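The next block holds one structure in the form of structure tokens; read it before the comments.
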Amino acid sequence: MLSSARPRRPLRHVLLAAAVLATLAAAPAAPAAVGRTGAQDVPSPRPAGIGDPLFPHLGNPGYDVLGYDIALTYPGRNDAPLTARTEITARATDRLPRINLDFSHGTVRDVTVNGRPAAHARAGEDLVVTPGRTLHPGEPLRIAVRHTSDPRGNGGGWIRTKDGLAMANQADAAHRVFPGNDHPADKARFTFRVTAPKDLTVVANGLRLARERAGARTTWTYRTAHPMATELAQVSIGRSAVLRGTGPHGLPLRHVVPERDRRIARPVVDRTPAQIAWMERHVGRYPLESYGVLSVDAPLNFALETQTLSVFGRGFLRAVDQYPKRAEGVLVHELAHQWFGNSVTPRRWSDLWLNEGHATWYEALFTDELHDRGSLVRRMRTAYGQSDGWRRAGGPPAAPRRPADGGQLELFRPVVYDGSALVLYALRQEIGAPAFEELERAWVTRHRDGTAGTADFVALASEVAGRDLGGFLHAWLYDERTPPMPGHPGWKPAKPATTPEKAAAPAKNAEPEKAAERAR
């Protein structure tokens with residue numbers, strides 16, 4: 001089950017908006033498995049992590065992943081494990097007597113490292129691999145894991161749809177699907193080879209390389225042309241129609257919808273070329289190899305920007321007719337993530353404001369320019385009034401706080417959406433629209449296919465503006481109180497709410513009635 005325990009969002013997010021899920025529920029650790037090289041002769045394995053303050057046990061030190069080759073065999077039902085083989089191509093960056101992989105929700109059959117059997121054991125949410133000898137910096141790594149991938153249980157990863165499966169890995173659930181280095185700081189190229197019954201359609205990130213039928217089954221092969229974070233991986237299996245088109249500059253478009261929704265989906269997806277062209281006018285050319293909408297046959301209360309395929313629940317297609325202006329803003333929000341979050345990926349999870357703030361900014365700007373002139377300023381003024389409450393509830397945009405009582409971390413709060421778009425509005429007010437547009441284009445160009453963080457954005461903003469913006473942006477990103485808004489001396493924060501729940505709630509006038517979509 002995908003968590004819906006979060007503050008209510010404006011309709012643009014209730015209509016399947018903004019994009020992300022924090023999934024901290026951990027699967028029970030499987031019994032330790034010992035390989036043929038004698039793991040019992042070395043000290044007990046333990047979990048590792050790269051020290052992200054929000055997810056300290058995710059990611060693993062000592063190696064850099066270059067590529068994933070993931071083979072999955074779908075048994076024809078979504079309540080049974082898939083047979084899988086994940087091969088990871090990497091390079092050692094430190095001395096490695098052991099290799100930790102993030103993996104928590106499947107049975108491991110065997111592991112090899114550079115073609116030789118390796119011992120393996122489970123430790124927390126890690127699969128700890130002990131090769132036959134210690135590896136040294138610069139050495140190539142080829143880690144092959146034969147395992148299952150289990151769609152049952154809660155906590156994200158696989159979504160069980162009415163006709164199959166799809167992925168929702170953000171923020172910390174990719175390791176429930178396949179073993180890897182599950183942190184956005186380590187991007188890699190992906191190949192997916194998925195075998196399924198011949199009457200089902202399989203899609204995945206990137207471009208299709210092959211479709212090979214053998215008896216009652218078909219194997220589909222996809223590969224990404226650009227590096228990708230694990231949380232953005234996508235495989236969808238179901239009774240789907242693929243609607244194709246062409247975007248600006250000949251960009252391949254493929255939209256994947258339930259077969260029965262082919263007719264109602266066409267007018268929605270036909271808007272995509274114009275949406276891409278609008279984004280390109282503001283930030284430059286689309287940065288990836290393809291794009292499309294993926295509508296899954298499941299009731300979702302979120303939308304998700306998996307790379308080259310933005311995910312929506314089936315009910316979204318009907319919501320477009322009911323709320324056309326706001327729904328198109330949601331479509332642009334997820335499209336904007338292909339630049340902000342996918343091509344340029346956050347270095348740490350506290351940099352999430354760069355993803356969601358930018359996607360919300362372009363969602364609001366699109367609505368202002370094409371549908372409702374003046375709505376951007378009204379939306380920003382409303383957000384300004386709520387900003388202090390959002391900051392009190394869970395921290396300022398670039399410094400989200402973990403719950404003091406050790407409870408579940410809620411990353412995807414209003415402050416990372418409208419509260420972070422407000423930071424961008426303040427910056428545009430401070431440096432002027434021409435410099436702001438130059439900054440946006442420079443950001444997605446300089447860091448394309450890479451990772452970048454808050455300090456990088458502050459440095460580039462200062463470079464483009466020709467003056468030090470460190471103090472200005474530090475206050476907007478890290479202070480507990482919202483600074484004065486340049487150009488709007490009359491804007492005032494709302495008075496403190498009497499309860500934490502009220503302080504955390506989005507602006508009331510941005511919350512019309514909920515759409516029919518609910519969490520599964």
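Just so we're clear, the structure is a prediction, and the values are computed from it rather than from any experiment. Numbers here simply count residues along the sequence, with the first being 1.
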- Task: Rounded to the nearest 0.5 Å, what's the gap from CG on L365 to OG on S375? Could you check?
- Result: 9.0 Å
- Roughly how far, to the nearest 0.5 Å, is NZ of K187 from CE of M228? 10.0 Å
- Query: Between the side chain of T451 and the main-chain N/O of P184, is any donor-acceptor distance below 3.5 Å?
  - Reply: no
- D388 and T482 side chains, donor-acceptor separation under 3.5 Å: yes
- Message: Using ring centroids (six-membered ring only for Trp), state whether W353 and F457 fall under 6.0 Å.
- Response: yes
- Query: Are the side chain of S290 and the backbone of P252 linked by a donor-acceptor contact shorter than 3.5 Å?
  - Reply: no
- Message: Quick one, L477 with V423, criterion side chain to side chain contact (heavy atoms under 4.5 Å, CB included). Give me CA distance, side-chain angles, the key distance, then yes/no.
- Response: CA-CA 7 Å; L477 291 168; V423 175; 3.9 Å; yes
- Shortest non-hydrogen contact between V296 and A166, atoms and distance: CG1-CB, 3.7 Å
- Walk me through it: do E356 and H337 pass the test side chain to side chain donor-acceptor pair (under 3.5 Å)? CA-CA 8 Å; E356 297 302 342; H337 273 306; 3.1 Å; yes
- R347 with D351: basic N within carboxylate O range, under 4.0 Å: no
- Item | Audit row: D297, R260, salt bridge (charged side-chain N to carboxylate O under 4.0 Å, His left out) steps and yes/no | CA-CA 10 Å; D297 199 350; R260 55 186 166 145; 2.8 Å; yes
Listing, residues 485-493 side-chain donor-acceptor contacts under 3.5 Å, not counting sequence neighbours, or none:
residue, atom, partner, partner atom, Å
H488, NE2, Y425, OH, 2.8

- Message: For a 4.5 angstrom cut-off between non-hydrogen side-chain atoms, does V293 reach V256?
- Response: no
- Side chains of R223 and T191: do they bring a donor and an acceptor to under 3.5 Å? yes
- Message: For F436 and W361: C-alpha separation, side-chain torsions, deciding distance, then whether ring-ring contact (aromatic ring centres under 6.0 Å, His included) applies.
- Response: CA-CA 12 Å; F436 180 79; W361 170 259; 5.6 Å; yes
- Value for CD (E440) from CG (L427), rounded to nearest 0.5 Å, stands at 8.0 Å
- Note on the structure: With sequence neighbours left out, the residues meeting side chain to side chain donor-acceptor pair (under 3.5 Å) with E328 are Q275, H371
- Angle class for the Y384/W476 ring planes (parallel below 30°, perpendicular above 60°, tilted otherwise)? tilted
- Item | Working for side chain to side chain contact (heavy atoms under 4.5 Å, CB included), residues W349 and D172 | CA-CA 10 Å; W349 277 110; D172 63 331; 5.9 Å; no
- Query: Out of curiosity, F178 CZ to I70 CD1, how far, rounded to the nearest 0.5 Å?
  - Reply: 4.0 Å
- What heavy-atom pair brings Q234 and V311 nearest, and what distance separates the two atoms? NE2-CG2, 3.3 Å
- Could you walk me through whether T445 and R441 pass the side chain to side chain donor-acceptor pair (under 3.5 Å) check? CA-CA 6 Å; T445 299; R441 289 174 173 271; over 6 Å; no
- Query: Where is the tightest heavy-atom contact between G419 and P397, given as atom of each residue plus distance?
  - Reply: O-CG, 4.2 Å
- Item | Selection residues 224-271 - residue pairs positive for ring-ring contact (aromatic ring centres under 6.0 Å, His included), sequence neighbours left out | none
- Message: Walk me through whether E125 and H175 qualify under side chain to side chain donor-acceptor pair (under 3.5 Å).
- Response: CA-CA 8 Å; E125 295 196 350; H175 66 284; 2.6 Å; yes
- Message: Hydrogens and angles aside, do E231 and H183 bring a side-chain donor and acceptor to less than 3.5 Å of each other?
- Response: no
- Using side-chain contact (heavy atoms from CB on, under 4.5 Å) as the criterion, point out the one residue from R285, R281, M279 that pairs with V283. M279
- Query: Do I159 and M167 come within less than 4.5 Å of each other through their side chains, counting heavy atoms only?
  - Reply: no
- Query: E463: what forms a side chain to side chain donor-acceptor pair (under 3.5 Å) with it, not counting sequence neighbours?
  - Reply: R446
- Message: So, taking the atom named OH in Y417 and the one named CG in N355, what distance separates them when rounded to the nearest 0.5 Å?
- Response: 9.5 Å
- Less than 4.5 Å apart, any side-chain heavy atom of R254 and any of L309? yes
- Query: Do side-chain atoms of N342 reach the backbone of E305 as a donor and acceptor pair under 3.5 angstrom?
  - Reply: yes
- Charged N to carboxylate O below 4.0 Å: is that the case for D368 and R379? no
- Gap between atom CG of L294 and atom OG1 of T308 - 0.5 Å precision: 9.5 Å
- Test log, rule side chain to side chain contact (heavy atoms under 4.5 Å, CB included), inputs R318 and D261: CA-CA 10 Å; R318 288 174 172 77; D261 291 340; 3.9 Å; yes
- Query: Where do I50 and N60 come nearest, in terms of heavy atoms and distance?
  - Reply: CG2-N, 3.4 Å
- Message: With a 4.5 Å cut-off on side-chain heavy atoms, are P400 and L54 touching?
- Response: yes
- Message: Can you confirm whether V330 sits close enough to F316 that some side-chain heavy atom of one is under 4.5 Å from a side-chain heavy atom of the other?
- Response: yes
- Message: Can you confirm whether H57 is buried at NE2, in the sense that more than 12 heavy atoms of other residues, nucleotides or ligands lie under 6.0 Å from that atom?
- Response: no
- Query: Just checking, any donor-acceptor pair under 3.5 angstrom between side chains of E369 and W278?
  - Reply: yes
- Item | Side-chain heavy atoms of F312 within contact of L317, under 4.5 Å | no
- Side-chain H-bond candidate by donor/acceptor type, D182 with T230, under 3.5 Å: yes
- Item | salt bridge (charged side-chain N to carboxylate O under 4.0 Å, His left out) between R401 and E410, intermediate numbers included | CA-CA 9 Å; R401 291 193 299 266; E410 178 51 77; over 6 Å; no
- Minimal heavy-atom distance between P273 and L253, with the atoms involved, is CG-CD1, 3.7 Å
- Item | Smallest separation among heavy atoms of A265 and L243, with atom names | CB-CD1, 4.1 Å
- Task: Applying side chain to side chain contact (heavy atoms under 4.5 Å, CB included), run through Y286 and L335 and close with a yes or a no.
- Result: CA-CA 10 Å; Y286 180 78; L335 170 63; 4.2 Å; yes
- Message: Going by the rule ring pair (Phe, Tyr, Trp, His ring centres under 6.0 Å), which residues pair with Y362 if we only count those two or more places apart in sequence or in a different chain?
- Response: F340
- Query: Knowing that exactly one of D468, I431, L439 qualifies, which makes a side-chain contact (heavy atoms from CB on, under 4.5 Å) with S462?
  - Reply: D468
- Item | Pairing residues for R378 by the side chain to side chain donor-acceptor pair (under 3.5 Å) criterion, not counting sequence neighbours | D372
- Under 6.0 Å between the ring centres of Y68 and F190? yes
